[in-house]
Amino acid sequence: MKVGLFGFGVVGRGIFDIIETKKTSDLKKIEVKKALVSSIRGRNLGILTIDPQEIIQDKEIDTVVEVMGGIDPAYGYIVASLKAGKNVVTANKAVVAEHFKEFVELARINKVKFYYEPSVCGGVPIIEGLKKVRKIDEVSEIGGIFNGTTNFILDKMTKYSAEFEETLKEAQEKGYAESDPSADIDGIDILRKIMISSSIAFDFLVPEKEVSVFGIRNILKIDIDYFKEKNKIVKLIALGKKKEDKYICCVEPVAFNSDEVEASVPENFNIAFLKGESIGELKFFGQGAGKYPTGNAGVQDLIDILEEKQYEYPEFNNRLIKDPSLVVGKYYIRTKKRINEIMIDLIDTQEKIKDYNIYTTKNITNEKMHNILKEINDKNVFFVRIN
Ligand code: HSE
């Protein structure tokens, strides 16, 4: 197998290193022939090129791996490669979430394979797990801690009673968070991962506009302390649920009892869970990002292609309707504003901590919680679903 890499950053280099070790008989059968970079200057590696056509038009290259991130030019390179009859592996959640169906269709038409395991939770084999479970079971639930940066921040805030800003800085220094961390802390990275995994779990292409997202940008030590006192730990959770022809997907902070598995996920680790009819509950724990874990997931996909594993093109056959009643819970709300009469019926308890009003709601849907957010209209508000 001759491989072309679009991108030679952290993950691209990880894939290259793993292949070059030639540690196993499978790895000995894979060769990285070319790697696209933006500039070769100062680098003495024969495989590097700045011309994408050197990969797309190279007949010897049968498989490409896209590890550039972002939509453009990654989208164009994936489309051109599929059309040129090359298998594609990608670690790029943004481009898969936006063009999933088109890539699968192009792969089918051109009789090649399209793999994307590293795009969801890096080294955690959730896509492979889902595909296996779905051969036997309907999947009724999928989700978990899908972002290492935010888990690192929440874990540090909990363990050291730290404030958000200082832990975010530490996450950036450790190279977990981007210098613009919005995609992580606002839940956008997780949104993409839950869209891709739910689409496979439910055989239904989840529309982005139907997924409600609330991140941890506004979390304060006060919130962490409130839950600590109640022996609970806050995590940022992706969740997809399906019941008959109804479904829901959302991203929101959730407080778990401290003895629950999710509560003990440390540092920048991820956990992904799914529920199947006969398999019951499955959990996958591991590194959701990084050079070698994500690189490993990419190489696993290459080996699946190499072994000519039977490939099932996702069909997205189901026509599901969003049903907010599938996620119901009591919510904690912290705001300096007051909840008005329109919404007060939904409130169960109310107290004052420092300058803040702390409310807990009766059992309400995630959609109702977002309605309350609109009513409160406080850009610093924070909420948590109490599990
Ligand atoms: N920034 C992500 C994380 C990794 O922290 O999990 C890439 O999706």
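Atoms within a ligand are numbered from 1 in the order they appear, just like the ligands themselves. Quick note: numbers below take in every heavy atom, side chains included, and nothing from hydrogens, waters or symmetry partners.
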Given that the side chain starts at C-beta and the backbone is N, CA, C, O, which of these parts of T149 lies under 4.0 Å from ligand 1, counting heavy atoms, or is it both or neither?
->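 Contact part for T149 vs ligand 1: both backbone and side chain.
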
Considering only heavy atoms, does N147 approach ligand 1 within less than 4.0 Å through its side chain, its backbone, both, or neither?
->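 Contact part for N147 vs ligand 1: both backbone and side chain.
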
Can you tell me if [X] and [Y] form a side-chain donor-acceptor pair at under 3.5 Å?
X	Y	result
K336	N357	no
Y292	Q287	no
N366	E252	yes

Kindly say whether the aromatic ring centers of [X] and [Y] come within a distance under 6.0 Å.
X	Y	result
Y331	Y359	no
F100	F316	yes
F103	F114	yes
F8	F16	yes

Which heavy atom of the protein is the closest neighbour of [atom], given with residue, atom name and distance?
atom	answer
atom 1 (N) of ligand 1	D184 OD1, 2.9 Å
atom 4 (C) of ligand 1	A289 CB, 3.7 Å
atom 6 (O) of ligand 1	G148 N, 2.7 Å
atom 7 (C) of ligand 1	K93 NZ, 3.6 Å
atom 8 (O) of ligand 1	D189 OD1, 2.7 Å

Any N/O pair [X]/ligand 1 closer than 3.5 Å:
X	result
Y176	no
N270	no
G288	no

